[in-house]
There are 2 protein chains.
Amino acid sequence: MNKSVGIKDVAAAAGVSVTTVSHVLNDVAYARVGAETRERVQEAAHRLGYGPNRLAQALRTQRSGMIGFISEEIATTPHAGRIILGAEETARARGYRIMIINSTSTSSQDSKESQVADLLDRQVDGILYATMYHRKLAVPRNLAGLPAVLVDSEDISNTVSSVIPDEVRGARSAVQTLIDAGHTRIGMLNNTDDVPATHSRLRAFKETLADAGLPFHEELVQSEHSEVSGGYQAALRLLKPQSRPTAVFCYNDRMAMGAYRAASELGLRIPDELSVVGFDNQELIAENLHPALTTVALPHYEMGAWATENLIDAIEGKTDLALFAAHPTVLECPLVVRDSVAAPAA
Amino acid sequence: MNKSVGIKDVAAAAGVSVTTVSHVLNDVAYARVGAETRERVQEAAHRLGYGPNRLAQALRTQRSGMIGFISEEIATTPHAGRIILGAEETARARGYRIMIINSTSTSSQDSKESQVADLLDRQVDGILYATMYHRKLAVPRNLAGLPAVLVDSEDISNTVSSVIPDEVRGARSAVQTLIDAGHTRIGMLNNTDDVPATHSRLRAFKETLADAGLPFHEELVQSEHSEVSGGYQAALRLLKPQSRPTAVFCYNDRMAMGAYRAASELGLRIPDELSVVGFDNQELIAENLHPALTTVALPHYEMGAWATENLIDAIEGKTDLALFAAHPTVLECPLVVRDSVAAPAA
DNA sequence: CACTGACTTGTTCATTGGTCTCCCACGTCC
DNA sequence: GGACGTGGGAGACCAATGAACAAGTCAGTG
């Protein structure tokens, strides 16, 4: 299209060599350029609307200022969007840009490696690898050894650093808010998938009850697939009149939505006759249920931001990611208080 | 890190010049290379795991194989994710990659221009510009003249080509499905924002009624802000016993969710006593309401894909985008039939 | 006063990893 | 023995960076 202006054009306009332009514009420390010349160059660059060709720059300096971002299932959950946003904003603030590649949780190890290789051919300075939900995984082999951070998942071999949500503390604060409201008979709707969250949220549930001196009743934990329909079914079982709890902690907001429906059908008013807390803070659900759902937020934005910040630090030699690799960094899951929790009926 | 292999290494390994390696690997038509040499080069390249440095390639060929993607509010709606996915998959299939930049609908014209300039400095071959919802906008001035496609919005000056959803036909099919079910008294819950969708969906509503020979009653259109609470309020007004319709067409799924609540409070069973259709197909809502919501899907994935396909065609000189610029391309909004529509009660 | 050394101010040239346009060497054929 | 075909290489080029060096000025010095 329109011949974009290069450093040569600026040099010609300012009547100096390209080197001098480069020195001035990059503010090179050892370069000796007179104040007047310096100004002339800057004026010319500005007047021509010059911006350096980042590709040529990258080729020469061996630093592209690009970060590869491999994300599983970009579009299936709103969560990925928040991770991307956290990464993009952080990267941009530090002068980097994000190159995105969509992956799937089911794609082969080979195809994942070729995605990494692809990014490497394009000379990215580092790689962010985000999964759809928190789990342990085998990272592509060619990821090892280069600046990389896993987001919302852990490397099974602990060679790549990662950042994950603090499931346990998040779940504890959810249960604690029910206890604080005065509930002593609390149920849980759990997931049936064998993922870390299933186990850690249940563990947190038990521990928090124990810490409060409350007994744990096996029959007050009902498990189903983690969808609205699963939550509905599990809630129907849980809310049988004879053994009914006054509050329920749900594995996620979708199951909580199912619990709302079950409660409605059983004529139970939330929060007066049943308190509910969820997990995930899926805004579309949590904000729009009636009453609005108190839930625990997953720090997706923050994980994206943390991962990017530390990746860039590593790229720039300010950090050694290997120090983080042994243990994933855990980020807080804050409780989002809305209107679904009240004191138990008298 | 580990010195990645370059074309020189391959050349040395195969005992030929870099020129020959380049010729072989790029399958240059005019190059004359013997079959045996050709094979030796390929073997060496494969053995060393050689992939060309795309930056160097881009610098020389003036083609980066990268597409800039500016998206408003990446994370606030799940829609953006689907556009990105459509764009990413299409781009990747054609050997391009997506570089993403998040923008906001409120950011200044200047900052939008600098985002474009930024992408240009990084030598993207073209730009995709996606908005959060369908509207007309003034594009950054420096977007004009280069390969670019607007996604889900129209250029106010008609200089940049764009792709948008077929609001009218989508809304018509939503209303038609109610008419087909036997409804003659149909209400609408509309948005109050002055955006194209508000007007075109209302127009489609009126037209479809007229085409079916049904009267239009002013009081059967209730408008509120396009959220769950707005839908609830508007539905309460609409569903007053004396003038109650048997079916309602909602501006979007969030308003439909509000209508569900209103119906529930009024003791109206969906779909037996009230049929509901939404718009947007926000899966989290539409699939999980009970009964599941029949709605109209916005073709976000398809718009992303179409935009990318045509952008690349333009980049590669196969199309002239200027031909499309005069009129936005409209993509079908398919009806997604679920369980919220039935024949009116007798 | 001429020479030296230091300092200032820029420039020259190689380099990054490729692509691409000639160009050359060597046979063969008529 | 010139034209032609075949196989392959030399070197410019893309737009920048950076190490090394050069030209000019000035003060000090013997």
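Sequence lines set the chain letters: A, B, ... in the order given, protein chains first and strands last, and positions in each chain run from 1. Source: prediction; values computed, not measured.
Close to D/dG8, at under 4.0 Å from its OP1 or OP2, lies no side-chain N or O of B/Arg32. For D/dA16, one of the phosphate oxygens OP1 or OP2 lies less than 4.0 angstrom from a side-chain nitrogen or oxygen of A/Tyr50.
The B/Ile7 side chain lies nearest to C/dT19 when the options are C/dT19, D/dA16, C/dC20.
If you look at A/Trp306 and A/Tyr301, their ring centroids are not closer than 6.0 Å.
Taking the side chain as every heavy atom from C-beta outward, B/Ile70 and B/Val116 approach each other to under 4.5 Å.
As a whole-Å value, the separation of B/Arg63 CZ from C/dC20 P is 11 Å. A straight line from CZ of B/Arg122 to C1' of D/dA15 spans 15 Å, rounded to a whole angstrom.
Side-chain contact annotation: B/Ser105 with B/Glu73, donor-acceptor N/O pair under 3.5 Å present.
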When the side chains of residues 78-87 of chain B are checked against the rest of the protein, which donor-acceptor pairs come out under 3.5 Å, sequence neighbours left out?
none

Checklist entry - Going 5' to 3' along nucleotides 9-14 of chain D, which nucleotides have protein heavy atoms under 4.0 Å from the base (write B), which only from the sugar-phosphate (write S), and which from neither (write -)? => result BBBBBB
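In this structure, the side chain of A/Thr329 does not engage the main chain of A/Val163 through any donor-acceptor pair within 3.5 Å.
Here the options are B/His327, B/His134, B/Arg135, the test is side chain to side chain donor-acceptor pair (under 3.5 Å), and the partner is B/Glu154; only B/His134 passes.
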